[in-house]
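The structure appears right after this line, and notes come after that.
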Amino acid sequence: MGKLFVISGASGVGKSTVLARVMAGRKDLRFSVSATTRLPRPGEIDGKDYYFITKDKFRDMIDNDEFLEYDAHMNNFYGTPIGQLEEKLQKGNVILDIEPNGAFNVRKVREDAVLIFIAPPSLEELESRLRGRGDTSEEQIQVRQARVAWEMEQSKQYNYIVVNDKVDVCADKILKIIAEEAD
Ligand code: 5GP
């Protein structure tokens, strides 16, 4: 059996870029593909980034106990299907990209899961990056900042907090944690 690594990040911290580097740095890592009821974004591939499913299908999967954990987020459901996860764990180490509620639910059933949180260098920096993009309303920025504050509070319960000041450095730190925990 492989080891389970759960990675979460503060909203807007650049988690997907860091994750891509981590996955490229360790070819033995497998990515747990979540199911979601949200629509695909441009470039996202069904079965690779997510299983994009309807709310009815999601409810069926809940009824059939097909999720290790699931949670509602921004009016959509997200969940970790057990089948694909078990299959990947049989073959080696697995990474889950899920938010804090899901991370703690995973830890309840898999106590040996390693929880890693990607934090921004500072909350001010994160906010100014969001404002700099110019495509987000003041109200959305306030909602986002409240979410980030909550996520930062949750990060205290993670096994590791890694600051993303530089993508490569952050990815290297995570790879080092994985090597120490898994090898
Ligand atoms: P996004 O819609 O931006 O891809 O993801 C939104 C949030 O849902 C992110 O914080 C992501 O980590 C989280 N997420 C993705 N898959 C799962 C899952 O299977 N379970 C839970 N609890 N959260 C998930």
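Keep in mind that this is a model prediction, so the values were computed, not measured. All residue numbers in this chain count up from 1 along the given sequence. Computation of the quantities below employed the complete heavy-atom set of this structure, encompassing side-chain atoms and omitting hydrogens, waters and symmetry-equivalent molecules. All ligand and atom numbering here is 1-based and tracks the order in the structure.
Side chain of Asp165 to backbone of Pro121: no donor-acceptor contact under 3.5 angstrom is found. Ser11 contributes no side-chain N or O that, together with a main-chain N or O of Val148, makes up a donor-acceptor pair within less than 3.5 Å. Without hydrogens or angle criteria, Ser8 side chain to Ile98 main chain gives a donor-acceptor distance under 3.5 Å.
Between Phe104 and Tyr158, the ring planes lie perpendicular to each other; the angle is over 60°, past the 30° to 60° tilted range.
Residue contact check: Asp71 has heavy atoms under 4.0 Å from atoms 22 (N) of ligand 1. Near Lys15, meaning under 4.0 Å from any of its heavy atoms, are these atoms of ligand 1: 9 (C), 10 (O), 11 (C), 12 (O). Within ligand 1, counting atoms from 1 as listed, the ones closer than 4.0 Å to a heavy atom of Arg38 are 1 (P), 2 (O), 4 (O). The atoms of ligand 1 that sit less than 4.0 Å from any heavy atom of Gly102 are 22 (N).
The shortest contact between atom 20 (N) of ligand 1 and any protein heavy atom is with Glu69 OE2, 2.8 Å. Considering only non-hydrogen protein atoms, atom 4 (O) of ligand 1 sits nearest to Tyr50 OH, 2.5 Å. Considering only non-hydrogen protein atoms, atom 16 (N) of ligand 1 sits nearest to Ser34 OG, 3.0 Å. Scanning the protein heavy atoms around atom 3 (O) of ligand 1, the nearest turns out to be Arg41 NH2, 3.0 Å. Here the protein heavy atom with the shortest distance to atom 12 (O) of ligand 1 is Asp97 OD1, 2.8 Å. Remark: minimum distance from atom 6 (C) of ligand 1 to any protein heavy atom is reached at His73 CD2, 3.5 Å.
For the side-chain contact (heavy atoms from CB on, under 4.5 Å) with Glu151, the lone residue among Arg147, Glu153, Gln154 that qualifies is Arg147. Results of the side chain to side chain donor-acceptor pair (under 3.5 Å) test with Glu69 over Thr80, Asn105, Asn101 single out Thr80 as the only residue that passes.
When non-hydrogen atoms are compared, ligand 1 lies under 4.0 Å from neither the backbone nor the side chain of Tyr70.
The residue from Arg147, Glu151, Met74, Glu99 that puts a heavy atom closest to atom 23 (N) of ligand 1 is Glu99.
Comment: Asp56 engages Arg59 in a salt bridge, judged by a side-chain N to carboxylate O separation of less than 4.0 angstrom.
Using a 4.0 Å cutoff on heavy atoms, Thr80 counts as a contact of ligand 1. Taking a 4.0 Å cut-off on heavy atoms, Gly79 registers as neighbouring ligand 1.
A donor atom on one side chain and an acceptor atom on the other are not found under 3.5 Å apart for Tyr160 and Glu180. Using a 3.5 Å distance cut-off with no hydrogens or angles, the side chains of Glu86 and Gln90 do not pair a donor with an acceptor.
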